[in-house]
2 protein chains.
Amino acid sequence: MKASNKAKHRTDMISAALRSAILERVLMPGMKLPEDSLGERFGVSRTLIRQSLERLAAEGLIELRRNKGAMVAKPSLEEARDLFELRTQIEDLVISRVIKNMTPDIITELEAHLAKEVEAEHAAEPKSIRLATEFHILLAKLAGSPVLLRYVEEIGYRCGLTLSLYARPHSTDCGIAEHRQIIEALAKGDADTARDLMRHHLNAVADRALFTSDEGGPLLYLDALEPYAKKVRDGGA
Amino acid sequence: MKASNKAKHRTDMISAALRSAILERVLMPGMKLPEDSLGERFGVSRTLIRQSLERLAAEGLIELRRNKGAMVAKPSLEEARDLFELRTQIEDLVISRVIKNMTPDIITELEAHLAKEVEAEHAAEPKSIRLATEFHILLAKLAGSPVLLRYVEEIGYRCGLTLSLYARPHSTDCGIAEHRQIIEALAKGDADTARDLMRHHLNAVADRALFTSDEGGPLLYLDALEPYAKKVRDGGA
DNA sequence: GTATAATTGATTGCATACAATTTCGCCACC
DNA sequence: GGTGGCGAAATTGTATGCAATCAATTATAC
């Protein structure tokens, strides 16, 4: 990897690593993210960390408070609900677009991803969550719209963060069957059904999740970030 | 204004100034934004400029290319269309929420804003565009959802940017009557009509606008940025 | 013992410096 | 006139340094 590509990737890689860590619940809502510690962990100066944190703040995954540093965001219950509601609106568009652009390859890719989800069904919950989120991101990619992809991705991660805060244990377990049903409707070119199923799926995830608000405190266990940071330091993806 | 508040505002103020300058077509698509020049103009070091640019890049208003600096984004025609389509989905939610939260003050505020739009009808186009965009942002504020507000604002500015690139002159002129109709439907509590009108309004703006692609080149006239930068340097809003 | 003030260490905000990269201007050659 | 090469200037990427602020600990007063 050329030096220029490596350097280009570093801030992006740090941001991506932190996004994944948040989605997979290594970094929990309210957790503080000290610049120095992150810099040491990732092997860069505070400059790149600050850049990365600015990006994540813009995406709503963290909060920056003047003189108080960065913290993983703690969305309110209302915000959580609004995110899911907004997400259903956007996924409507995604479904319509995917069906419009339908090719056999699309179904193949979705089924391959579903197989990964099935395989991970009894793995640790963070992996299931990541794959479930990635299903939606893949779908948005297949929609062929960079605009839709950007918002599906951002809101997908933000919804994942709300689930960290408000989900009951294993409350995301039934998603695989719902993903399968969506794929089947897509394969039939049945846009209405696919949209209904997607809407139902997202509402179900939200309904199953947002019943309790068992909030975590401002904890700081950056050691768990090591696998993510190591990949960045090593220049990997 | 205390020093801490001033410093807190500076990056935010720079970002806001640049957003406004983009919306009001002082900064056009493709225009380069050199850090040093912006820093001099705003009276800060490159540090704050880079922070601000990172934020605007996350919002899709500018593009950052490694080793090539920042440039006002040039959305493709497809991206423009997708942004408007996405916007209709989100505004549906906004309308529903506003009606759900309806108070007489809401209509009063909207009508006051409409009066400003009427007053500016024959002013310079940038002002009309700003007020038209702010109508939607006000509506989203009145929806009472920080989540919806964030996305309405971001996508509103991005749509404004696409209009800079693709709008025919005065093609946004008929918006006032449409805004008025929306307000009337809201006042009646007629959610379906209000949503239809909003959808029609946004589709009309997009249809009127996206017929030509008269693209501008990579120009650099930072002098026009002076009023925006001066306000930031002086610590104003 | 409790509350408050002072001190100390940690962290953040942001300018500056330096290396790397890109851009521009000039010159030579075809 | 057009193209390519070279060097200088401009710009970007990013670390470092220093002042300001905050958080935690210690000292003091009641």
Side-chain angles (χ1 to χ4, degrees), chain A residues 1-15 17-18 27 30-58 62-73 217-222 225 229 232-233 235, chain B residues 1-15 17-18 27 30-58 62-72 217-223 225 229 232-233 235:
Chain A
M1 190 183 286
K2 288 188 298 184
S4 66
N5 284 341
K6 174 177 179 179
K8 153 86 190 211
H9 277 247
R10 274 201 297 175
T11 306
D12 293 339
M13 280 159 47
I14 293 165
S15 302
L18 293 175
L27 298 181
M31 191 178 272
K32 287 196 177 287
L33 305 170
E35 300 174 359
D36 268 347
S37 309
L38 287 181
E40 283 161 23
R41 185 65 72 173
F42 282 98
V44 299
S45 78
R46 285 171 55 214
T47 309
L48 295 199
I49 298 297
R50 292 175 65 83
Q51 213 166 317
S52 180
L53 293 179
E54 186 67 44
R55 167 73 55 156
L56 294 178
I62 69 165
E63 288 170 16
L64 297 177
R65 299 275 177 81
R66 175 166 184 84
N67 286 327
K68 288 177 177 288
M71 169 179 82
V72 180
L219 306 175
L220 175 56
Y221 300 126
L222 285 188
L225 195 56
V232 174
R233 288 201 309 268
Chain B
M1 191 185 288
K2 288 190 299 183
S4 67
N5 283 344
K6 176 177 177 179
K8 152 85 191 215
H9 276 244
R10 273 200 298 173
T11 306
D12 292 339
M13 280 158 50
I14 292 165
S15 302
L18 293 175
L27 298 180
M31 189 177 272
K32 287 196 176 289
L33 305 170
E35 300 174 358
D36 268 348
S37 309
L38 287 182
E40 282 161 22
R41 182 67 69 175
F42 282 99
V44 298
S45 77
R46 286 173 54 217
T47 309
L48 296 198
I49 298 298
R50 293 179 64 82
Q51 212 165 320
S52 179
L53 293 179
E54 186 68 43
R55 168 75 53 158
L56 293 179
I62 68 166
E63 288 170 16
L64 297 177
R65 298 276 177 77
R66 178 168 182 81
N67 287 326
K68 287 175 175 291
M71 170 179 82
V72 179
L219 307 174
L220 174 55
Y221 300 127
L222 285 188
D223 284 350
L225 195 55
V232 175
R233 289 202 307 270

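In what follows, chains carry the letters A, B, and so on, assigned in the order in which the sequence lines appear, proteins first and then strands, with residues in each chain numbered from 1.
- The listed nucleotides are dC14(C), dT23(C), dT12(D); the one nearest the side chain of Lys68(B) is dT23(C).
- You'll find that the side chain of Thr11(A) is closest to dT14(D), out of dT12(D), dC14(C), dT14(D).
- Side chain Arg46(A) to base dG13(C): a donor-acceptor pair is found below 3.5 Å.
- Rounded to whole Å, the distance from CD on Glu63(A) to C1' on dT12(C) is 17 Å.
- Remark: P of dT12(D) and CG of Leu53(B) are 9 Å apart, rounded to the nearest angstrom.
- Whole-Å rounding puts the Met71(B) CE to dT22(C) P distance at 16 Å.
- Atom CG of Asp36(B) is separated from atom P of dG13(D) by 12 Å (rounded to the nearest Å).
- The side-chain contact (heavy atoms from CB on, under 4.5 Å) check on Arg41(B) picks up Asp223(B), Glu226(B), Ala229(B), Arg233(B), with sequence neighbours excluded.
- Contact annotation: the side chain of Leu18(A) never approaches that of Ile62(A) to less than 4.5 Å [non-hydrogen atoms, C-beta and beyond].
- Minimum interatomic distance between Leu56(B) and Ser15(B) (heavy atoms only, all atoms of both residues): CD2-O, 3.9 Å.
- Summarising the geometry, the separation between CZ on Arg50(A) and C1' on dG17(D) is reported as 14 Å, rounded to the nearest angstrom.
- Contact annotation: the side chain of Val44(A) never approaches that of Thr11(A) to less than 4.5 Å [non-hydrogen atoms, C-beta and beyond].
- Relative to the side chain of Glu35(B), the nucleotides dC18(D), dG13(D), dT14(D) differ in distance, and dG13(D) lies closest.
- The interatomic distance linking Glu40(B) (CD) with dA10(D) (P) rounds to 11 Å, in whole Å.
- Put simply, CZ on Phe42(B) is 17 Å from C1' on dC14(C), counting in whole angstrom units.
- Toward the 5' end of DNA chain C, the nearer of the two residues Gly69(A) and Thr47(A), judged by each one's closest nucleotide, is Gly69(A).
- When rounded to the nearest whole Å, the span between CD of Glu54(A) and C1' of dT14(D) equals 16 Å.
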